[in-house]
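Below is one structure, written out as structure tokens; the observations come after it.
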Protein chains: 2
Amino acid sequence: MKPVTLKQIAETLNMSVSTVSKALKDYPDVSKKTKRLVKETVDLLNYKPNAFAVNLRTKESKTIGLIIPEVVHHFFSSVIKGIIARAEKKGYLVIILQSNESYELEKKQIDLLLSKRVDGILISLANGTGNFKHLNDLISQDLPLVMFDKIAKIVNCSKVIINDRKAAYTATQHLIDTGCKRIAHFRGPLLPQNSIDRFLGYKKALTDNGLPYDPSLVYICECGDNSFEEGKESARKLLNDHTDVDGIFINTDMVAIGAITEFNKLGIKIPEDISVVGFSNWFMSSVISPTLTTINQPGYEMGKEAFKLLYKEIKNRKQNSPIKLKTIELETKLIKRGSTKN
Amino acid sequence: MKPVTLKQIAETLNMSVSTVSKALKDYPDVSKKTKRLVKETVDLLNYKPNAFAVNLRTKESKTIGLIIPEVVHHFFSSVIKGIIARAEKKGYLVIILQSNESYELEKKQIDLLLSKRVDGILISLANGTGNFKHLNDLISQDLPLVMFDKIAKIVNCSKVIINDRKAAYTATQHLIDTGCKRIAHFRGPLLPQNSIDRFLGYKKALTDNGLPYDPSLVYICECGDNSFEEGKESARKLLNDHTDVDGIFINTDMVAIGAITEFNKLGIKIPEDISVVGFSNWFMSSVISPTLTTINQPGYEMGKEAFKLLYKEIKNRKQNSPIKLKTIELETKLIKRGSTKN
DNA sequence: CGGTGAAACGAAAACGTTTTCGATGAGAAT
DNA sequence: ATTCTCATCGAAAACGTTTTCGTTTCACCG
């Protein structure tokens with residue numbers, strides 16, 4: 001009933017544990033004959049190496065940790081898929097934890113992963129994270145770490161990101177190019193870098209085009225579980241506060257879809273009265289009516305690249321090669337659809 | 001630089017490894033004084049037990065495996081969230097693998113998890129899975145296993161499900177109650193049980209109400225990555241094949257939304273010309289226009305319950321208590337919205 | 001025939017815990 | 001003084017690998 005061990009194979013074959021082990025790993029100092037013999041009985045007895053023992057001996061678990069703010073989210077689940085796919089190919093398993101956008105949880109989860117002795121950690125920061133000691137600790141223990149999407153520029157590790165500022169600039173520029181003069185922005189929370197960058201891109205596009213920046217046109221959304229409702233609410237507020245707005249650049253598609261839904265309900269014509277640009281190219285943006293012009297954010301690729309980076313670092317650390325940190329910037333693209341004029 | 005071990009603590013405190021270990025686990029045969037001492041230096045040196053050694057010694061990893069057909073999916077990601085939340089509370093981590101609806105991958109992944117020696121496995125079957133040897137093998141090795149959502153009735157393990165047949169019956173009955181006489185069904189693939197059950201519920205509702213069952217009204221969708229397109233296509237086909245259909249019960253919301261989008265485009269009025277009922281109560285079903293009447297499928301709860309069941313089995317196995325298999329049936333509910341008459 | 005070298009194998013340490021079982025000593029009971 | 005009890009501790013085995021470093025065997029050469 002107990003799982004088969006090397007010892008048992010050695011006994012049935014009348015040889016030593018070491019020879020069996022070496023035979024399985026194709027050591028040069030064991031004859032072809034015994035190698036064949038060993039491999040046969042291994043198949044026969046259905047031997048599987050005890051991962052616990054291997055881990056202990058080799059000091060690695062072939063497992064990485066992934067901390068993500070929210071699992072139920074199209075973009076993040078795409079990232080997860082990319083990571084898992086890539087990791088599996090390289091023989092790594094991935095443990096997923098969800099920070100729920102909470103700094104405290106994030107800290108605890110890093111501790112958890114640390115105590116499980118994962119070989120590396122992938123993380124996308126919680127909105128609430130403004131202190132980076134827990135991450136710097138990882139680095140000083142030189143555990144491979146790469147951040148993606150929601151990063152902290154100040155932390156010294158590899159990263160894979162998009163250029164949020166540039167993408168937001170492009171989005172806003174598109175609104176300007178299609179005739180909008182008074183452009184609002186529904187932004188994300190104050191802390192996370194990409195929310196800041198998107199805001200800055202929006203602002204820069206305005207001033208570069210000689211349009212005044214008006215803070216009263218910027219609305220803050222938490223972009224949490226009820227983004228959709230936030231979109232509806234911000235849309236209502238906007239209409240109440242301003243009558244002359246003819247374009248909005250919105251931090252995420254979900255909020256944008258909320259806003260569009262509300263506009264539809266209130267009889268505001270899109271894009272004739274107000275043009276809307278979203279962010280992330282969520283699947284639904286091509287289904288909603290009108291279809292939503294948005295910025296494509298490549299989640300799956302981001303996951304893949306993030307794992308690739310981490311994998312390299314893990315390998316380098318194993319052979320004590322110097323680790324060169326790298327920041328990969330993925331391409332975004334403006335997807336023009338029905339919510340803006342052309 | 002190396003992580004602190006029990007031995008080092010023992011040396012700095014001038015006592016034996018065993019005492020230190022026992023002090024940390026509050027054994028009765030070590031004095032309060034040394035317990036205090038040990039705990040102090042543990043904090044001081046920032047000792048973390050080596051999980052690899054603990055695993056090897058205790059023969060458990062405090063880790064479970066989760067195999068899911070598709071991560072980028074609202075329902076499944078909700079399940080994942082429920083599982084992770086519950087698992088974390090009990091000190092378990094979860095390794096996620098994605099079968100991509102492939103039987104072959106599913107088999108490999110079970111092997112992977114087995115070789116990692118997880119303490120238990122949660123699985124929702126791939127559509128392609130028609131052979132259950134890999135699962136029965138798990139059971140005969142008595143590794144705790146619980147299936148959820150996409151299950152195989154024939155496999156002898158705990159399960160958490162919804163009553164697909166009943167839910168489908170309710171959905172179809174609702175169409176009938178609101179005046180539909182000729183009701184089509186967009187069903188899922190042939191293999192998975194819930195797709196079958198939903199079909200059977202649809203059929204039974206028809207015959208119970210004296211309506212004829214017409215196979216030509218049943219359309220098959222793969223319900224994979226391009227469910228939305230499938231919905232559109234099936235909608236077109238349906239209009240082409242039949243002119244008298246006044247209601248459709250659709251296997252999943254995504255397909256339903258595709259169909260609605262197509263109907264909208266073609267000028268078919270919903271629900272006046274055709275009523276539509278979906279399945280799963282995906283978030284978007286309340287956003288689409290018209291809003292979609294659907295069946296609520298509680299993903300998060302399913303995840304929670306599945307883990308709870310698995311946890312019990314793990315505990316029971318540890319103390320060699322007899323394992324009682326259990327099947328939990330979660331409640332579904334008809335959510336009436338704009339795509340059906342009232 | 002002693003010496004050399006290669007080929008094939010094994011003994012044993014090490015990884016860091018947990019847990020059993022004895023050992024030790026102090027004080028109480030006899 | 002002897003036994004007994006308790007409280008407290010430590011030695012050591014065990015978990016199953018991996019890997020280093022010998023050891024053995026035997027062929028071959030000088």
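Please read these numbers as outputs of a predicted model, since none were measured by experiment. Letters A, B, ... mirror the listed sequences (proteins, then strands); counts begin at 1.
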Separation of dC21(C) atom P from Y27(B) atom OH, nearest Å, is 12 Å
Show the numbers, then the answer: is there a side chain to side chain contact (heavy atoms under 4.5 Å, CB included) between K107(B) and K133(B)? CA-CA 9 Å; K107(B) 256 193 346 193; K133(B) 184 173 178 312; over 6 Å; no
If I take atom CD1 in residue I9(A) and atom C1' in nucleotide dG10(C), what distance separates them, rounded to the nearest angstrom? 17 Å
Rounding to a whole Å, what distance do you find between N14(B):CG and dC9(D):C1'? 13 Å
Report the relative orientation of the aromatic rings in F76(B) and H73(B); use parallel for angles under 30°, tilted for 30 to 60°, perpendicular for over 60°. tilted
Go through it in stages, so that I can follow the logic: the residues are V155(A) and N136(A), the test is side chain to side chain contact (heavy atoms under 4.5 Å, CB included), and I'd like the CA-CA distance, side-chain angles, deciding distance and then a yes or no. CA-CA 7 Å; V155(A) 176; N136(A) 287 321; 4.1 Å; yes
dG10(C), dT17(C), dA11(D): which one has an atom nearest the side-chain heavy atoms of S18(B)? dA11(D)
Applying side-chain contact (heavy atoms from CB on, under 4.5 Å) between F148(B) and each of V79(B), L310(B), L125(B), report the one that passes. V79(B)
The side-chain hydrogen bond (donor to acceptor under 3.5 Å, both in side chains) partners of E106(B) (sequence neighbours excluded) come to T129(B), H134(B)
So, S99(B) and S102(B): side-chain donor and acceptor under 3.5 Å apart, yes or no? no
Residues Q109(B), E88(A); criterion side chain to side chain donor-acceptor pair (under 3.5 Å); working and verdict: CA-CA 9 Å; Q109(B) 292 172 341; E88(A) 206 177 337; 3.1 Å; yes
Side chain to side chain donor-acceptor pair (under 3.5 Å) between S21(B) and S18(B): does it pass, once the steps are laid out? CA-CA 5 Å; S21(B) 172; S18(B) 17; over 6 Å; no
Rounded to the Å, how far apart are K22(A) NZ and dC21(D) P? 12 Å
Whole-Å gap separating C1' (dT17(C)) and NZ (K62(B)): 16 Å
So what does K25(A) touch, heavy atoms closer than 4.0 Å: a base, only the sugar-phosphate, or nothing? sugar-phosphate
Just by modelled atom types, is the Y300(B) backbone N or O under 3.5 Å from a matching donor or acceptor in the S78(B) side chain? no
When you measure from every atom of DNA chain D, which of residues 28-44 of chain B have a heavy atom less than 4.0 Å away? D29(B), V30(B), S31(B), T34(B)
Rounded to the nearest Å, what distance is computed from the CE atom of residue M15(A) to the C1' atom of nucleotide dA8(C)? 11 Å
Please list, for nucleotides 14-16 of chain D, all pairs of protein and nucleotide N/O atoms separated by less than 3.5 Å.
residue : atom : partner : partner atom : Å
dA14(D) : N3   : R57(B)  : NH1          : 3.2
dC15(D) : O3'  : K59(B)  : NZ           : 3.1

